[in-house]
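To find a chain, count down the sequence lines: A is the first, B the second, and so on, and within it residues start at 1.
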Amino acid sequence: MTTTRRELAPRYDAATVEPAIYERWMAADAFAPALESPAGAERFVIIQPPPNVTGALHIGHALVTAIEDTLVRYHRMRGDDTLWLPGVDHSGIGAQFVLDKTIAEEGDSRASLGRERYLERMWRFMNETRPVIGSQHRRLGASVDWQRERFTMDEGSARAVRTAFKRLWDAGLVYRAEALVTWCPRCRTTISDLETIHRDEMGTLWTIRYHLARPDGTPDPDAWISVATTRPETLLGDTAVAVHPDDERYRDLVGREVILPFLARRLPIVADDYVDRTFGTGAVKITPAHDPNDYELGKRHGLEAINVLDEEARISAAGGEFVGRDRYEAREAILDRLRENGDLEAERPHAMVVGHCERCGTVVEPRLSVQWFIHVKPLAERALASVREGRTMIVPPHFEKVYTHWMENIHDWAVGRQLWWGHRIPAWFCPNGHVTVTDAEAGPDACAECGRPAAELTQETDIFDTWFSSGLWPFSTLGWPDETPDMARFYPTSVMETGYDILFFWVARMMMLGLFLTDAEPFHTVYLHGMIRAEGGVKMSKTKGNVIDPIDMVDEIGADALRYALVAGTAPGSDMRLTRPKLEGGRNFSNKLWNAARFVLGARPQPVATPSGAPTLPERWIRSRLAETVERATRSLDGLDLAGYAAAVHEFAWNDYCDWFLELAKVDLRRQDATDAERARTWLTAAEVLGDLLRLLHPLMPFVTEEIWGTLDVAEPRATRGEPMLIRSSWPAPAARDLIAERDLATLTELIREIRDLRSGMGTAAGEWLPLHVVAADARSRAVLEAGLAYLEPLARVRPVDLDADLGGRPSAAGSTPSGTFWLGTDPAAEAAARARAEAHLADLQAQAARVRDLLGNGSFAERAPAAVVERERARLAELEAQLGQLAAARDALNE
RNA sequence: GGGCGAUUGGCUCAGUCGGUUAGAGCGCACGGUUCACAUCCGUGAGGUCACUGGUUCGAAUCCAGUAUCGCCCACCA
């Protein structure tokens, strides 16, 4: 650690401070909840999406961390029983995708290694990549309970997965069936609809002639039916041609047969409503094994489904002469041959939607296979009711509609994946075709139906969709299915925070599985954040070179600055643009805090005397502003409005504390006539308010605030109330505001601002002292100005100040505030500018007064508007008229 | 083909229950060597709140429609 705890370096260096601070938190075991829940404490448990084990954290993870850590630190300071449990997801398909590429470089492949050695290799790979996520989380300041860290492939998760599946099975919610599923030929597994990305693409629509069969079974060269297709290679699997039953053109052909090219298969011509007469030729080739619609039609007409693609999308043995060729190669070959035969009637460009694998981008194929399904309707109904009836709230609320729409139209979940890395489905087959599902780690003792011994059973080779284990995360991490102390203490959880992009993948599954397995909503709030975009609102992508790496930013400007930039000015559920200036704004804010603290610590009287005397107006004022900020920050955080919280604290820190209070306090700390006791009181106020500011800001910017806190603690334990670490300190308590101090200080600052404005407009040199003449609006204002003379003079750069100015015979009053009018003694040249300004000001006030007068004169307004609103307008008019009176008097005096 | 969201100064975004003269940060202009900070200080300019119509004493805010952009969902060969 290079910084001492006694003083702050002239420049804030996040790169050295932040890691040292994290070490101190770890050493103090500051993240874990207490051993036992404190009596009377509320519970706050946040659920985070466990990042994929293989990756490095991207900017989206940094956003997750910023939001969640802010909430967690806030609740910890509030004294809630707070848990943030870290972990990583094994990411079945994603991990295999990455490992496959890695081992390919080593000259290996899935096939060359075999399942067992591949999995060994995977575990080795896991152990290499897993620590990366952890260390990056630490850099971002995540105050997670590392002792409870979990992994979706650990033993606890494995047990939860087996138990969950067994319970679903026992409840009759699991079935195994042949179905047409989406298949990725590169990942060589089934993927779900959600994992399929549909893109509009320009393809080709080919028109192909299928010749009618003659009685002897040979194709009739002169009679054919033309069908349109975008995937000619699938014709190898055709088992019919379909037309619309009412289509005059083909009425006579229904019931006859055509001969499939290359394979010479006889295909019936069937009639079905599904066919769109206006599309293509109005006749469709039917490939039940490779098209969802054809599959349905095939079932209606009892057609055979012939699979012509293997798992890598090469033509299978059923494809005759084309066997073994890649699907696109085969397509070209087939087209060439059709062309040669004169059976390719037409080809034209055709806009269509093509499905791609989310993971690898490969064009997916519908594929007929036997799959495990979860019957989700009953699960979805409960998940819907929970949200509809408000037991789980979604933030922002409009995502409830998205959630509802998806849940209402949900399809059964194909949970099996033909991969190796993941939880193997705990189902065993016996030679009699029976299925036995068990949650026992060792597998079943015997077939559940016929009693065949375990030795004769074989386990299912499919594994679970990664989201099945992720869907158990809120409770599997707490020890479920056992009734552990953690389950009792932390479940159901509080807030589940994630991006809206995985609402269906993850949130919906957690809701369904959580309700079914634990009979409780797994969390009471779903907080969805938006996506982070680059400049111009475009997606960040490596190819565009506009990716912001969070760890680079932490290195450069610090985690605090990054966190601030991510949280400030963002609304839940909407995308945000992260730009360089925004990040710099965060850095500047860290710097500002650092320097404010440097000032406060450097201004410490040596020694600090026992304070005495009544607090000054600025002291009362800053405490009142603090009280309001505490209220605003608390309300915002309780309402999950992180941007509101960030704005409240930023405004207080910069505008109230630095720009006004510290400048005013400098006057008191440096005045000659002050006693040590008074000076001590002012300084202590500065230190104590700084202490509370650090508390308020700590959830969002934990490092810089903790570092300053450490120094402040040494310099002034009263300011930290003896709480040695900020992370374990308490959230500021609500306090009463001092509205009189706020009004009185406004009297002073409004005048200062007006004078500065006038000086700036006149082009007065900044250092030049000008005489000030003031006519106070009332006795109270005059008293405030008199008492505040010592502040007024240096901050407005005016001297001497005449508080009892006489308007008669003086130059035009150049400015006015609600508490009075004033003019500056100036040279004649500047006076014209001042006068013009005064006239403009007067006109503005008159226009305002006229507007309010009109409003009040409108009978309907007085009658129908609420009394409070009317009253407010009346008061405003009175104030405007008072100011106008003063200004008019000043002008009259001049004109005489 | 459905659905959702957005549209507020040059840029990025706030704007509560409809109620003063619509705010902030960045950028811009002008001025600044005052002992916390130029990653700063002071001052200022800049907005028909996308458009049209309606409700209302009063609309950025509520309602209807239009336009543009974005996203999600969807089995048309």
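- Contact check, R577(A) against U12(B): a side-chain N or O comes under 4.0 Å of OP1 or OP2.
- Evaluation of atom-type donor-acceptor distances gives no pair under 3.5 Å for the side chain of R753(A) against the base of U43(B).
- In this structure, N409(A) does not reach the C73(B) phosphate: none of its side-chain N or O atoms is under 4.0 Å from OP1 or OP2.
- Distance from the side chain of A596(A) is smallest to A36(B) among A77(B), G19(B), A36(B).
- Looking at heavy-atom distances under 4.0 Å, R580(A) makes no contact with the nucleic acid at all.
- Using modelled atom types, one finds no donor on one side chain facing an acceptor on the other under 3.5 Å when comparing E535(A) with T579(A).
- Residue W654(A) places at least one side-chain N or O closer than 4.0 Å to OP1 or OP2 of C41(B).
- Residue T579(A) is classed as having no contact, given no heavy-atom separation below 4.0 Å to the nucleic acid.
- Contacts of R587(A) with the nucleic acid, taken as non-hydrogen atoms under 4.0 Å apart, include base atoms.
- Nucleic acid contact for K666(A): base, since at least one base atom lies under 4.0 Å from a heavy atom of the residue.
- Ionic pairing of R679(A) and D668(A) is not present here: no N-O contact between side-chain nitrogen and carboxylate oxygen is shorter than 4.0 angstrom.
- Among the protein residues, G585(A) comes within range of no part of the nucleic acid, since none of its heavy atoms lies under 4.0 Å from any strand.
- For the pair R876(A) and E873(A), the salt-bridge criterion is met [side-chain N within less than 4.0 Å of a carboxylate O].
- Within 4.0 Å (heavy atoms only), V852(A) reaches no atom of the nucleic acid at all.
- Per the geometry, CG belonging to L662(A) stands 11 Å off C1' belonging to C37(B), to the nearest Å.
- No engagement by D294(A) is indicated, since no non-hydrogen atom pair under 4.0 Å with the nucleic acid exists.
- Close to C11(B), at under 4.0 Å from its OP1 or OP2, lies no side-chain N or O of K582(A).
- At a threshold of 4.0 angstrom between heavy atoms, the contacts of A571(A) are confined to the sugar-phosphate backbone, with no base atom among them.
- Judged by closest nucleotide on RNA chain B, N655(A) is the one of N655(A) and F599(A) placed further toward the 5' end.
- Taking atom NE2 on H411(A) and atom C1' on C73(B), their separation rounds to 10 Å, with Å as the unit.
- As a whole-Å value, the separation of R759(A) CZ from G44(B) P is 14 Å.
- For N293(A), counting side-chain heavy atoms from C-beta on, the closest listed nucleotide (U43(B), C76(B), C26(B)) is C76(B).
- Note on E651(A): nothing from the nucleic acid sits closer than 4.0 angstrom, heavy atoms only.
- Residue R876(A) places a side-chain atom within donor-acceptor reach of the base of U20(B), judged by atom type and a 3.5 Å distance cut-off alone.
- As rounded to the nearest Å, C49(B) and G19(B) have P atoms that lie 16 Å from one another.
- Atom CG in L578(A) sits roughly 13 Å away from atom C1' in C13(B) (whole-Å rounding).
- Using a 4.0 Å heavy-atom criterion, one finds that P10(A) contacts no nucleic acid atom at all.
- When each of H398(A) and D641(A) is assigned the nucleotide of RNA chain B with its nearest heavy atom, H398(A) is the one assigned upstream, toward the 5' end.
- Using a 4.0 Å heavy-atom distance criterion, F399(A) is classed as making no nucleic acid contact.
- A donor-acceptor contact under 3.5 Å is not formed by the side chain of K401(A) with the base of C4(B).
- Between R580(A) and E556(A), at least one side-chain N (NZ, or NE/NH1/NH2) sits under 4.0 Å from a carboxylate O, which counts as a salt bridge.
- The C1' atoms of C51(B) and C41(B) are separated by 43 Å, rounded to the nearest whole Å.
- At whole-Å resolution of the value, CZ in F279(A) and P in A77(B) are 6 Å apart.
- Listed candidates were U39(B), A36(B), G42(B). Nearest to the side chain of D659(A) is G42(B).
- Within the nucleic acid shown, V284(A) comes within 4.0 Å of at least one base atom, counting heavy atoms only.
- Within 4.0 Å (heavy atoms only), R231(A) reaches no atom of the nucleic acid at all.
- Classification of R632(A) and E651(A) as a salt-bridged pair holds, one side-chain N sitting under 4.0 Å from a carboxylate O.
- E233(A) places its CD atom 13 Å from the C1' atom of A77(B), with the value rounded to the nearest Å.
- A side-chain donor from one of D238(A) and Y210(A) sits under 3.5 Å from a side-chain acceptor of the other.
- Donor-acceptor pairing under 3.5 Å is lacking for the side chains of W183(A) and E365(A).
- To the nearest angstrom, P of A45(B) lies 8 Å from CG of D757(A).
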